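The structure displayed is predicted, hence computed values, not measured ones. Just so you know, ligand 1 is whichever comes first in the structure, and atom 1 is the first atom listed for that ligand.
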Amino acid sequence: MEKIIVEICTGTACFVMGSGKLLSIEESLPANIRDYVEVQPVLCCGLCRDWTNSKPPVVSVAGKMIAGADEEKIIKAVMAALEGGNLC
Ligand code: FES
């Protein structure tokens, strides 16, 4: 099975808003899905310039962007990606 890529922005705005803590999200994932997830830090993609629609921290799960990301949203997105569903 192909891994679900979780990209966590480590740009300044996202880092200040908590993305640093999200880099260890793998530890919070249920054991049965942990092996199917790969977490990657990424540089700012510019979404933070529009806080109205893209509140930091910004995370991408299997290519789907999550603004105002937290552990709960990421885990939900990973589960949806594993099931082949859409997040939005
Ligand atoms: S710092 Fe994260 S999108 Fe810009």
Side-chain angles (χ1 to χ4, degrees):
M1 176 183 247
E2 199 169 308
K3 287 198 172 194
I4 303 296
I5 304 298
V6 176
E7 295 179 314
I8 298 176
C9 177
T10 57
T12 303
C14 288
F15 193 83
V16 167
M17 294 300 285
S19 71
K21 288 184 282 185
L22 297 176
L23 289 169
S24 58
I25 186 76
E26 280 178 273
E27 297 167 13
S28 301
L29 293 171
N32 61 328
I33 65 169
R34 196 173 300 146
D35 290 342
Y36 302 110
V37 173
E38 182 174 329
V39 176
Q40 300 175 349
V42 295
L43 299 175
C44 174
C45 62
L47 288 175
C48 58
R49 292 186 200 130
D50 178 12
W51 279 43
T52 305
N53 297 312
S54 302
K55 181 182 171 203
V58 175
V59 172
S60 168
V61 176
K64 305 244 183 214
M65 302 303 291
I66 302 171
D70 58 21
E71 280 192 8
E72 185 179 338
K73 288 179 181 176
I74 294 171
I75 291 171
K76 186 176 174 184
V78 167
M79 298 298 282
L82 284 170
E83 293 167 5
N86 290 328
L87 305 177
C88 304

- Taking only non-hydrogen atoms of Gly11 and a 4.0 Å limit, the atoms of ligand 1 in range are 1 (S)

- Task: Drop me the distance from Glu38's CD to Ile4's CD1, to the nearest 0.5 angstrom.
- Result: 11.0 Å

- Query: So how far is it from Ile66 CD1 to Ile74 CD1, rounded to the nearest 0.5 Å?
  - Reply: 6.0 Å

- Message: Checking the side chain of Ser19 only, and the main-chain atoms of Cys14 only, is there a donor and an acceptor separated by less than 3.5 Å?
- Response: yes

- Return yes when at least one N/O/S atom of Cys48 is nearer than 2.8 Å to atom 2 (Fe) of ligand 1, and no when none is. no

- Is it true that some N/O/S atom of Cys9, main chain or side chain, lies under 2.8 Å from atom 2 (Fe) of ligand 1? yes

- With atoms numbered from 1 as shown, which atoms in ligand 1 lie under 4.0 angstrom from a non-hydrogen atom of Ala13? 1 (S)

- Message: Suppose we only count N/O/S atoms under 2.8 Å; would Cys44 qualify as near atom 4 (Fe) of ligand 1?
- Response: yes

- Query: Any link between Leu23 and Ile5 through a network of hydrophobic side chains (Ile, Leu, Val, Met, Phe, Trp, Tyr) touching at under 4.5 Å?
  - Reply: no

- Between Met17 and Lys55, which heavy-atom pair has the shortest distance, and what is it? CE-CE, 4.2 Å

